[in-house]
Protein chains: 2
Amino acid sequence: MTQLGHAAGTDFTGSPVLSGAKKGTSVLVLGAGLAGMLAAYELRKAGYSVRVLEYQTRSGGRNITLRGGDTLTELGGATQNVKFASGNYINPGPWRIPYHHQGLLHYCKLFGVQLEPFIEVNHNTYLHNTEAFGGQPQRYRDVMSDFTGHTAELLAKAINQDKLDQPVSADEKRDLLDAMRGWGLLDKDYAYKTSDFVSLRRGNSKPAGGGPDGAPVPSTVMGRSEIMKSGLWQWLSFNMSYEMQTTMFQPVGGMDMIGKGFAKQVNDLVTHNIKVTKIAQDANGVTVSFLDNGKGGAAGEAKADWCVCTIPLPILAEIEVQAGAPMKAAIKAVPYASSVKVGLEFNRRFWEQDEQIYGGISFTDQPISQISYPSTNYFSNDKGVLLGGYMFGPAAYSFAGMTPEERIEAALKQGSLIHKQYRKEFSNGVAVAWSRMPWTLGCCSTWSEESRKAHYKPLTEIDGRLVIAGEHASYVGCWQEGAILSSVSAITRLHQRAIGTA
Amino acid sequence: MTQLGHAAGTDFTGSPVLSGAKKGTSVLVLGAGLAGMLAAYELRKAGYSVRVLEYQTRSGGRNITLRGGDTLTELGGATQNVKFASGNYINPGPWRIPYHHQGLLHYCKLFGVQLEPFIEVNHNTYLHNTEAFGGQPQRYRDVMSDFTGHTAELLAKAINQDKLDQPVSADEKRDLLDAMRGWGLLDKDYAYKTSDFVSLRRGNSKPAGGGPDGAPVPSTVMGRSEIMKSGLWQWLSFNMSYEMQTTMFQPVGGMDMIGKGFAKQVNDLVTHNIKVTKIAQDANGVTVSFLDNGKGGAAGEAKADWCVCTIPLPILAEIEVQAGAPMKAAIKAVPYASSVKVGLEFNRRFWEQDEQIYGGISFTDQPISQISYPSTNYFSNDKGVLLGGYMFGPAAYSFAGMTPEERIEAALKQGSLIHKQYRKEFSNGVAVAWSRMPWTLGCCSTWSEESRKAHYKPLTEIDGRLVIAGEHASYVGCWQEGAILSSVSAITRLHQRAIGTA
């Protein structure tokens with residue numbers, strides 16, 4: 001990994017090198033999510049004596065996959081029994097890995113987690129605005145083609161008539177016109193119009209075929225004002241964002257293959273069922289008080305020289321922490337996003353069989369926001385599971401207020417506007433509201449510019465013998481990569497402090 | 001497949017239904033490529049007596065994959081021994097399958113050919129113009145971001161100053177400005193500028209990280225005139241074309257898994273090593289004369305009631321064919337493209353390890369035109385094979401004129417401008433010039449608008465007892481789907497003629 005550098009688009013430069021650890025130095029890690037397990041793995045490797053305390057009965061944290069037979073109980077008491085067919089799953093938490101998340105990709109490789117492409121961009125999915133095009137979903141490629149063409153036409157005409165606001169040299173004028181024509185598929189008069197040429201991008205209304213009657217018939221371009229008004233271009237923009245660019249990956253078999261890969265390395269260090277109640281520290285070390293839910297809630301204590309705390313902030317904010325006022329203020333200051341994901345199993349993969357959609361995402365202005373098609377097991381005749389809704393922000397609060405059954409019904413109702421097969425083919429579903437998960441009380445940290453300025457350094461800097469790690473202690477919030485980078489940073493600094501070089 | 005229709009973007013509506021064939025009616029199929037094998041499969045299934053004659057010692061035609069241990073001899077006598085490591089391969093012919101090639105996808109499923117995503121669009125590959133940016137390759141995402149941003153800025157300014165060539169309502173003006181800002185990532189003054197915001201698309205120069213020092217530093221936007229002049233936007237355009245849109249597929253293990261899948265169905269009908277010398281017909285049937293290269297070139301004859309001829313036109317043009325003048329003229333009229341593909345094996349997958357490129361294509365203005373990274377076996381520590389050049393048109397003729405060693409040297413020299421690791425990591429290569437393949441003498445048909453008008457119907461319509469099939473007899477030329485659609489059309493019409501309904 002030595003050839004990686006900042007310019008290459010990743011902040012990860014390889015496993016941390018933690019040499020010279022003092023034998024017998026102990027570290028207590030709170031939380032067995034990716035950040036905690038990575039800290040445990042690297043610190044033990046460096047020679048530290050490590051113990052991990054975890055609230056849940058499983059390791060992995062928000063790295064989670066639901067399959068048939070799984071059970072999920074949320075705050076409020078509702079319990080869902082997942083009924084997916086064998087081999088099907090939904091990833092309620094993280095679900096995709098960008099190419100530049102090199103820290104996570106590094107540890108996936110190191111721990112033998114097999115990856116496969118996650119299809120983010122699919123030109124054959126739908127973009128849907130209930131208020132545009134009579135509420136009819138439009139194919140991604142048509143919106144892309146027509147938005148591009150109309151934009152290029154407008155700009156080409158302004159250029160041709162020397163109507164730009166600034167002087168442009170004859171050379172640049174020619175380059176710009178060439179670009180608008182080629183990129184927008186404009187005709188010789190710089191017009192974007194229904195034609196065989198434009199159908200090379202949009203596809204034809206009668207597709208090209210074989211034999212004497214194989215000639216295609218071009219498809220019809222949509223009007224400019226409706227395209228612009230529809231706002232559907234926002235999804236072209238979304239898919240251009242660095243975080244959504246291809247090539248993306250997912251673990252073969254479900255996202256929790258990563259958590260399981262990490263756990264295989266460190267599970268002997270983890271005590272599950274531990275509810276931390278207090279984190280105390282003095283000049284000599286750290287004392288963590290807890291209730292052991294594996295032993296009927298018996299009170300206990302754990303001591304170590306140092307502590308890496310990866311407990312999500314909404315939970316940590318309710319725990320007594322002996323730290324300086326700035327860190328304590330930071331713990332309480334960072335808002336967490338709510339998020340809801342709905343997994344819907346259907347009797348057949350109608351999106352592939354009827355609509356030629358293989359992976360990718362349809363977007364809608366309805367609360368469900370998107371429908372994501374599985375990037376695995378393509379062309380199967382078996383049941384398939386869609387991500388039938390991924391709410392973030394206000395819609396997530398609204399969905400979290402519903403019962404699981406109501407969430408599924410809402411997802412079916414909204415999704416039916418995009419896929420008419422929904423009601424007929426529906427089999428069963430599950431709906432996860434992160435604000436109701438007792439061990440995190442939210443999906444992930446959402447730093448504002450102001451909260452970052454006021455609280456980020458105090459949250460992330462070592463306070464005595466305590467350091468905080470997790471996606472919330474990074475600039476890559478809400479991504480697993482944030483947990484990895486934060487953990488590498490935290491243990492590197494903790495090590496330097498422990499051996500007296502920082 | 002009944003729900004497929006033209007509007008869905010494919011001309012394929014399912015396996016042909018050929019009912020009522022007269023028992024004992026015989027069909028001779030010439031050529032065991034995909035079109036020929038499909039014809040044999042469906043006609044036998046319908047009750048016809050079928051025999052296939054094939055020039056090569058293998059079935060599959062241009063559906064071919066080269067692996068270590070394979071040998072390739074071209075016209076002129078040069079023989080190449082492929083030295084790739086086990087598991088590595090190159091597809092010298094077809095190499096990707098668009099989502100709308102439903103005919104091919106249908107038969108892949110029917111014949112148990114396993115598919116995996118082929119990565120066409122990869123935002124982290126390079127776009128390269130030797131005359132632009134000092135000859136330095138630019139990341140796809142940077143070109144995409146800056147081309148989009150500068151275009152949006154220009155148009156937004158023209159709109160804001162009411163400089164469009166046509167009246168635009170206040171509503172549309174607002175919609176257009178919203179679109180330009182959101183799609184182009186413009187600031188509040190409608191300017192496209194280096195900023196944190198723009199780096200959400202371009203990526204940062206110091207990437208976002210974890211811990212106290214995790215703040216990112218934005219990357220620097222490239223100038224408008226150089227972007228426009230570079231012409232690199234053409235590859236954004238290319239990847240928007242219907243044929244290049246995602247989701248694409250490839251067979252697991254090499255493209256010839258399709259040919260092998262087809263061959264498994266019909267290989268008992270195929271006689272290899274047969275060089276057809278004459279196709280004669282009269283009112284009663286077809287007589288094909290041949291030399292049997294499996295028997296020292298012994299002359300032979302085969303007779304049947306009907307004939308489906310899938311021999312590539314440059315070969316067929318040299319064979320005596322008893323057909324009407326229009327078909328004979330058509331056979332001679334269609335030009336075939338030349339094409340050269342170079343497969344380069346390297347000691348390590350440096351494009352992944354050093355540059356975070358997983359699948360996808362880098363484009364260059366050099367003759368090699370592109371470098372395609374393998375869409376399989378990601379993250380492997382083993383040797384990897386690149387498509388180190390894919391020449392079509394003039395560059396292909398120039399490369400075909402070189403020895404295989406010279407082609408590989410040229411590909412290495414040109415590719416080194418994009419990947420500095422080329423020379424150090426190179427292991428071995430193979431270079432296939434389609435114009436030198438004795439059994440096809442070219443890559444595929446390239447119909448012009450004029451030749452289509454003059455010769456397409458006569459080529460594809462049944463002439464007496466002879467019908468022509470193959471990608472050249474379709475509007476989906478140079479794609480396997482053309483062979484499938486053409487074959488389905490040809491045998492459907494032949495069947496109707498044979499049972500007297502057409």
Side-chain angles (χ1 to χ4, degrees), chain A residues 3 6 9-11 99-100 109 117 119 121-124 141 154-155 157-158 161 163-165 172 175-176 179 182-183 200-201 203 206-212 214-216 225 228-229 233-234 237 240-242 245-247 354 356 358-359 379 457 460-461 473-476 485-486 489-490, chain B residues 3 6 9-11 99-100 109 117 119 121-124 141 154-155 157-158 161 163-165 172 175-176 179 182-183 200-201 203 206-212 214-216 225 228-229 233-234 237 240-242 245-247 354 356 358-359 379 457 460-461 473-476 485-486 489-490:
Chain A
Q3 301 190 51
H6 284 156
T10 172
D11 200 51
Y99 61 83
H100 43 85
K109 182 170 179 174
I119 306 298
V121 178
N122 179 335
H123 295 99
N124 205 36
R141 68 166 179 273
L154 276 183
L155 182 54
K157 291 189 170 166
Q161 296 170 38
K163 286 182 166 169
L164 297 182
D165 72 319
E172 190 179 359
D175 293 338
L176 277 166
W183 169 75
L200 293 177
R201 183 172 291 171
K206 175 189 177 300
S225 64
M228 295 297 166
K229 189 182 174 189
W233 51 263
Q234 73 181 285
S237 184
M240 282 195 272
S241 66
Y242 190 52
Q245 290 172 15
T246 60
T247 304
D354 304 348
Q356 303 94 54
Y358 308 98
F379 307 106
K457 289 250 174 193
T460 53
E461 281 175 344
S474 82
Y475 275 79
V476 196
L485 295 179
S486 149
S489 167
Chain B
Q3 301 190 49
H6 284 157
T10 172
D11 200 50
Y99 61 82
H100 44 86
K109 183 170 177 173
I119 305 298
V121 179
N122 179 334
H123 295 98
N124 205 36
R141 68 166 180 273
L154 275 182
L155 182 53
K157 291 191 170 164
Q161 297 171 39
K163 285 184 168 170
L164 297 182
D165 72 320
E172 189 179 358
D175 293 338
L176 277 166
W183 169 75
L200 293 177
R201 181 172 292 170
K206 175 191 177 300
S225 63
M228 295 298 165
K229 190 182 171 189
W233 51 264
Q234 72 180 287
S237 185
M240 281 195 272
S241 66
Y242 191 52
Q245 290 172 13
T246 60
T247 303
D354 304 349
Q356 303 95 54
Y358 308 98
F379 308 106
K457 289 250 176 192
T460 53
E461 281 175 346
S474 82
Y475 276 79
V476 195
L485 295 179
S486 149
S489 167

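Residue numbers begin at 1 in each chain, while the letters A, B, ... track the order of the sequences.
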Problem set entry | Backbone of B:Tyr358 reached by a side-chain donor or acceptor of A:Thr247 within 3.5 Å | yes

Problem set entry | Top contributor to chain B contacts, counting heavy-atom pairs under 4.5 Å, from A:Ser489, A:Gly211, A:Gly214 | A:Gly211

Exercise. Which pair of heavy atoms, one from A:Tyr99 and one from B:Arg141, lies closest together, and at what distance?
Worked result: OH-NH1, 3.0 Å

For this session: With the side chain counted from C-beta on, respond yes when A:Tyr242 and B:His123 share a heavy-atom pair under 4.5 Å apart, and no when they do not.
Result: no

Problem set entry | Residues forming a salt bridge (charged side-chain N to carboxylate O under 4.0 Å, His left out) with A:Glu461, sequence neighbours excluded | none

Exercise. Any chance NZ of B:Lys229 has more than 12 other-residue heavy atoms, nucleotides or ligands included, within less than 6.0 Å?
Worked result: no

Exercise. Which one, A:Leu485, A:Thr460, A:Val476, A:Thr246, leads in non-hydrogen pairs under 4.5 Å with chain B?
Worked result: A:Thr246

Exercise. Is the backbone N or O of A:Glu172 less than 3.5 Å from a side-chain atom of B:Ser225, with the two atoms forming a donor-acceptor pair by type?
Worked result: no

Problem set entry | Max heavy-atom pair count under 4.5 Å with chain A, selected residue of B:Pro212, B:Gly182, B:Ala473 | B:Pro212

For this session: Using a cut-off of under 4.5 Å on heavy-atom pairs, state which of A:Ala179, A:Ser474, A:Gly203, A:Ser241 scores highest against chain B.
Result: A:Ala179

For this session: Go through B:Ile119, B:Leu155, B:Leu200 and name the one with the most non-hydrogen pairs under 4.5 angstrom from chain A.
Result: B:Leu155

For this session: Could you have a look at A:Pro117, A:Ala215, A:Pro216, A:Ala158 and say which one has the most heavy-atom pairs with chain B under 4.5 angstrom?
Result: A:Ala215

For this session: Answer with side chain, backbone, both or neither: which region of B:Ala490 has an atom nearer than 4.5 Å to a non-hydrogen atom of chain A?
Result: neither

Exercise. Is it the side chain or the backbone of B:Lys109 that comes within 4.5 Å of chain A heavy atoms, both, or neither?
Worked result: side chain

Exercise. Tell me, side chain or backbone of B:Gln245 under 4.5 Å from chain A's heavy atoms, or both, or neither?
Worked result: both

